[in-house]
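It should be emphasised that the depicted structure is a prediction, and the values quoted were computed from it without experimental measurement.
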Amino acid sequence: MKLSIFVKESRKTLGLTQHQLSKIINKERSNISHYERGISTPPGDVVFLLFQLRFPELCLSDSHSNPECPENATKIKMSDSAGSDPLAA
């Protein structure tokens, strides 16, 4: 899978706008757009963070959060999809 597709599919799976994702990963919204369109390649730390956000269940061990996993991973994944703001958790 191309990284551009992974970024876009991850964002959509999480139910986030480009602006919301940019705030979570501390990048400009234009960076998200460039990553999604393949104009630029996201750095490894961004890909890693997206992976953790998209698959938070892989960040857990023995029912305890992995300290290396982002704090927002569980909050975003657990938010309901009925239009609630995933950043308000």
Inter-residue atom distance [X].[atom1] - [Y].[atom2], 0.5 Å rounding:
X: Leu53; Y: Ile25; atom1: CG; atom2: CD1; value: 8.5 Å
X: Gln18; Y: Lys12; atom1: CD; atom2: NZ; value: 9.0 Å
X: Gln52; Y: Leu58; atom1: CD; atom2: CG; value: 9.5 Å

For Arg11 and Gln20, run side-chain contact (heavy atoms from CB on, under 4.5 Å): C-alpha distance rounded to whole Å, both residues' side-chain angles, the deciding distance at 0.1 Å, then the answer. CA-CA 9 Å; Arg11 177 180 61 79; Gln20 290 171 321; over 6 Å; no
Can you list everything that forms a side chain to side chain contact (heavy atoms under 4.5 Å, CB included) with Thr41? Sequence neighbours excluded, please. Leu3
Can you name the side chain to side chain contact (heavy atoms under 4.5 Å, CB included) partners of Ser4, sequence neighbours left out? Lys2
State, yes or no, whether a side-chain contact exists between Tyr35 and Pro43 at a heavy-atom distance under 4.5 Å. yes
Restricting to non-hydrogen atoms, name the atom on [X] and the atom on [Y] that form the minimum distance, rounded to 0.1 Å.
X: Leu49; Y: Ile24; result: CD2-O, 4.3 Å
X: Glu36; Y: Lys8; result: OE2-CA, 3.7 Å
X: Phe6; Y: Leu50; result: CE2-CB, 3.8 Å

Verify the neighbour count for atom CD of Glu28: are there more than 12 heavy atoms of other residues, nucleotides or ligands below 6.0 Å? no
Report, as yes or no, whether the 6.0 Å neighbourhood of atom CG on Asp45 holds more than 12 heavy atoms from other residues, nucleotides or ligands. yes
Using distance alone, with no hydrogens and no angle criterion, decide if Ser22 and Arg29 have a side-chain donor and acceptor under 3.5 Å apart. no
List for me each residue that meets side-chain hydrogen bond (donor to acceptor under 3.5 Å, both in side chains) alongside Ser33, sequence neighbours excluded, and say none if there are none. Arg37
Are Ile39 and Met1 linked, directly or through other ILVMFWY residues, by side chains that come within less than 4.5 angstrom of each other? no
